[in-house]
S.K.: 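The structure's right below; bear with me while I get my questions together.
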Amino acid sequence: MKKKLLAVLLSGAMTAAALSGCGQNTDNTPADTGADTKTETKADAQEADEADSAGEESADTADAGAENAASIVSAPTELTYIFADGDEGAKVSMNEIVNKFNETYPDITVTIEPGNGGAYSEFIKTKDSVGEFPDVMEMRDTAMYVRAGKLEPLPDDIVSLFRTTTEFDGNVYTAPLGGENTNGIIYNKTYFDENGWTEPSTYDEFIELCQKIADKGDMAPLVVGGQDIWHMGFWFHKVYNDQVLSKDADFIKHCYEGTKDFSDDTFKATFEELQTIMQYAQEGWVSTPDAQITTFLVNDMAAMMYSGTHMFSQIAQADPEFEMGWFAIPSPDGKTRLVGGGGVGGLAISAEAAKDPDKKAAAEEFIRFFYAPENYKIYCETLSAIPSTTQAPDLDVMDVFQEVIDANGTADDLAPMWNGRVGENELPPDFRNFTYKTLIEVLQGTRDIDSACEELNKTWQVSMQSFNPITGVGIE
């Protein structure tokens with residue numbers, strides 16, 4: 001398996017969309033009620049043309065570019081392009097791909113405008129308010145802009161490039177930049193090897209492994225950063241996905257409709273399973289911030305952590321000699337369910353730009369070009385992003401990261417976090433955090449499961465008065 005130099009790994013970072021389980025994803029922007037996440041969209045990605053020889057490559061590329069441009073636009077065309085540029089790797093990769101596109105298509109000029117880094121969502125809103133909405137952009141608050149009529153649906157040939165996409169009333173508006181941040185167990189491989197332990201192949205084996213480490217007594221089986229409320233979402237979603245969504249993918253919709261509530265046996269089973277798992281967390285897990293969990297792992301204070309692939313670079317930076325392993329926790333029913341696939345965000349085309357046939361054609365061609373394997377490879381490697389395309393590029397990455405990519409390809413289910421869903425299964429604002437706080441009370445023993453479910457039902461009823469995608473309340 002190919003390995004990338006550590007320096008390249010450390011220079012990369014996960015994309016903002018991939019950090020959907022972290023603190024950035026707290027606004028729960030109301031989404032269009034017609035939205036639906038599609039999984040396992042199967043189609044062959046477009047194959048890139050190869051240069052005939054090194055000596056003729058430059059001239060051939062220019063000739064091919066001129067021919068392609070002539071067939072795409074009827075006159076020289078300019079496009080403005082904005083992306084979230086807070087990460088240095090994003091700047092480097094995006095500039096490289098845009099430069100390649102401009103060289104290939106001399107009659108089309110894509111101009112990158114600064115995206116204002118971390119305040120990106122507000123920046124896009126400001127650009128819109130002053131009449132400077134870009135032609136092509138990295139889109140995050142997709143539902144809001146779809147409802148406002150600001151985005152153009154993507155053609156079927158672009159949609160078919162991706163493993164998963166999100167629909168709004170039958171249309172797809174975004175090309176996912178990367179697969180969502182896949183959570184799994186990152187573990188101390190050296191410690192496992194010394195004790196003759198192997199990765200569990202069933203859920204029961206995972207619990208048995210936790211108990212073996214606890215019995216050995218030299219470190220905690222799991223490190224949990226419970227002080228940061230969003231960190232609890234990793235564990236909650238894993239168990240909620242197994243216990244609730246596997247039996248009713250529209251559980252939240254049915255709660256809006258009143259046919260189900262949080263006293264459902266499947267929801268109670270979520271709390272019960274988390275009680276079993278969390279007994280193996282380190283002492284003081286509730287007061288441990290997420291920023292400290294890497295320290296626990298690399299300093300032999302805990303054997304395993306459950307988190308996303310964004311932790312790989314942090315662990316490697318903390319201890320370049322630390323040998324990581326990774327595995328997906330099997331579900332109790334034997335399935336492998338992972339956070340992954342393309343989410344609701346990604347590259348989008350302005351509806352205003354699409355009114356110009358040349359701009360529409362150029363923008364669509366830019367997106368096709370971006371996801372061609374040889375170009376998309378640049379983005380994925382630089383940002384340690386999981387490819388979202390059906391035809392994944394051949395990446396030079398760490399073995400442990402390749403394991404995650406492979407797991408995404410074979411998982412029984414790839415889906416966003418429970419709080420990353422749109423349409424009729426979108427959560428009311430702040431309900432996610434209230435659920436996690438209630439969960440912590442149960443895990444600490446200050447509240448029993450029945451009273452926790454009753455409290456969630458009360459809060460849900462109040463939340464529905466201001467947000468209900470079934471009735472349309474709160475989505476305007």
Side-chain angles (χ1 to χ4, degrees), residues 12-22 24-25 37-38 41 45-46 79 81-98 100-101 110 112-113 115 117-118 120-121 123-124 134-143 145-146 151 154 158-166 172-182 308-310 339-350 363-364 366-393 395 397 401 404-405 408 414-417 420 422:
M14 296 302 295
T15 64
L19 290 176
S20 62
C22 297
Q24 293 180 354
N25 186 17
T37 300
K38 295 178 64 180
T41 302
Q46 295 178 319
L79 297 175
Y81 174 46
I82 297 179
F83 62 93
D85 59 2
D87 182 88
E88 195 61 33
K91 293 180 183 178
V92 170
S93 60
M94 288 295 192
N95 274 279
E96 182 174 349
I97 295 171
V98 166
K100 287 183 66 178
F101 180 83
V110 176
I112 293 176
E113 295 186 1
Y120 182 72
S121 292
F123 178 75
I124 288 290
D135 300 321
V136 182
M137 76 229 71
E138 178 182 349
M139 177 50 57
R140 292 185 177 175
D141 301 320
T142 308
Y145 289 100
V146 169
L151 303 182
L154 298 177
I158 290 180
V159 175
S160 68
L161 298 177
F162 304 98
R163 187 180 174 98
T164 66
T165 53
T166 299
V172 174
Y173 293 86
T174 53
L177 280 167
E180 298 218 350
N181 194 16
T182 299
T309 53
H310 63 285
V339 173
V344 69
L347 296 187
I349 300 171
S350 161
E364 290 175 352
F366 174 70
I367 292 178
R368 294 185 190 98
F369 184 90
F370 184 93
Y371 290 100
E374 70 274 17
N375 302 322
Y376 192 38
K377 171 186 175 75
I378 298 168
Y379 178 86
C380 291
E381 287 186 350
T382 305
L383 280 87
S384 299
I386 298 173
S388 59
T389 51
T390 56
Q391 184 182 350
L395 302 182
V397 295
F401 193 78
V404 181
I405 295 173
N408 270 252
L414 284 177
M417 294 277 285
V422 294

S.K.: For L177 versus Y376, what's the shortest heavy-atom pair and its separation?
M.R.: O-OH, 2.7 Å

S.K.: Would you check if I405 and L395 make a side-chain contact, meaning some heavy-atom pair closer than 4.5 Å?
M.R.: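 Touching, per the 4.5 Å side-chain cut-off.
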
S.K.: Can you tell me if E180 uses its side chain to pair, donor with acceptor, with the backbone of P416 under 3.5 Å?
M.R.: no

S.K.: I need the T390 OG1 to L161 CG distance, nearest 0.5 Å.
M.R.: 6.5 Å

S.K.: Are any side-chain N or O atoms of D85 and backbone N or O atoms of A90, one a donor and one an acceptor, separated by less than 3.5 Å?
M.R.: no

S.K.: So which heavy atom on G341 is nearest to which on N408, and how close?
M.R.: N-OD1, 4.0 Å

S.K.: Just jot down the side chain to side chain contact (heavy atoms under 4.5 Å, CB included) partners of P176, sequence neighbours excluded, or say none.
M.R.: F162, S388

S.K.: To check you understand the geometry: which heavy-atom pair defines the closest contact between N181 and V339, and what is its length?
M.R.: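 In this case the closest contact between N181 and V339 is O-CG1, 3.3 Å.
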
S.K.: Within this structure, what is the CD-CD1 distance for the pair E96 and I378, rounded to the nearest 0.5 Å?
M.R.: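 Reported to 0.5 Å precision, the distance equals 3.5 Å.
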
S.K.: Looking at every non-hydrogen atom in both residues, tell me the closest pair between G115 and F123 and how far apart they are.
M.R.: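 Heavy atoms of G115 and F123 come nearest at O-CD2, 3.6 Å.
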
S.K.: With sequence neighbours left out, what residues match K91 under side chain to side chain donor-acceptor pair (under 3.5 Å)?
M.R.: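 Testing K91 for side chain to side chain donor-acceptor pair (under 3.5 Å), a comparison that skips the adjacent residues, returns none.
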
S.K.: Do L151 and M137 come close enough that some side-chain heavy atom pair is under 4.5 Å?
M.R.: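 Yes, at least one pair of side-chain atoms sits under 4.5 Å.
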
S.K.: Got a donor-acceptor contact below 3.5 angstrom from the Y173 side chain to the Y145 backbone?
M.R.: no

S.K.: To the nearest 0.5 Å, what is the distance between CD1 (I97) and NZ (K377)?
M.R.: 12.0 Å

S.K.: First locate atom CD1 of I349, then atom CD1 of I158, and finally report the distance between them rounded to the nearest 0.5 Å.
M.R.: 5.5 Å

S.K.: Can you sort out the partners of Y81 under ring pair (Phe, Tyr, Trp, His ring centres under 6.0 Å), two or more places apart, ordered by chain and number?
M.R.: F83, F366

S.K.: Are the side chains of M94 and F370 in touch, meaning some heavy atoms are under 4.5 Å apart?
M.R.: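 Of all side-chain heavy-atom pairs linking F370 with M94, at least one is under 4.5 Å.
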
S.K.: With rounding to the nearest 0.5 Å, note down the distance linking CD in E381 to CZ in F401.
M.R.: 10.0 Å

S.K.: In Å and rounded to the nearest 0.5 Å, what is the CG to OG1 distance from L414 to T182?
M.R.: 7.0 Å

S.K.: Would a distance-only check, ignoring hydrogens and angles, find a side-chain to backbone donor-acceptor pair under 3.5 Å from R140 to I124?
M.R.: no

S.K.: List in chain and number order the residues that pass side chain to side chain donor-acceptor pair (under 3.5 Å) with E113, two or more places apart in sequence or in another chain; answer none if no residue qualifies.
M.R.: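 E113: side chain to side chain donor-acceptor pair (under 3.5 Å) contacts with K127.
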
S.K.: Keeping T174 on the side-chain end and A348 on the backbone end, is there a donor-acceptor pair under 3.5 Å?
M.R.: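 Here the side-chain-to-backbone pair does not exist.
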
S.K.: List the steps, then state whether salt bridge (charged side-chain N to carboxylate O under 4.0 Å, His left out) holds for E364 with R368.
M.R.: CA-CA 6 Å; E364 290 175 352; R368 294 185 190 98; 3.8 Å; yes

S.K.: Locate the shortest heavy-atom distance separating A175 from I367; write the atom from each residue and the value.
M.R.: CB-CG2, 4.0 Å

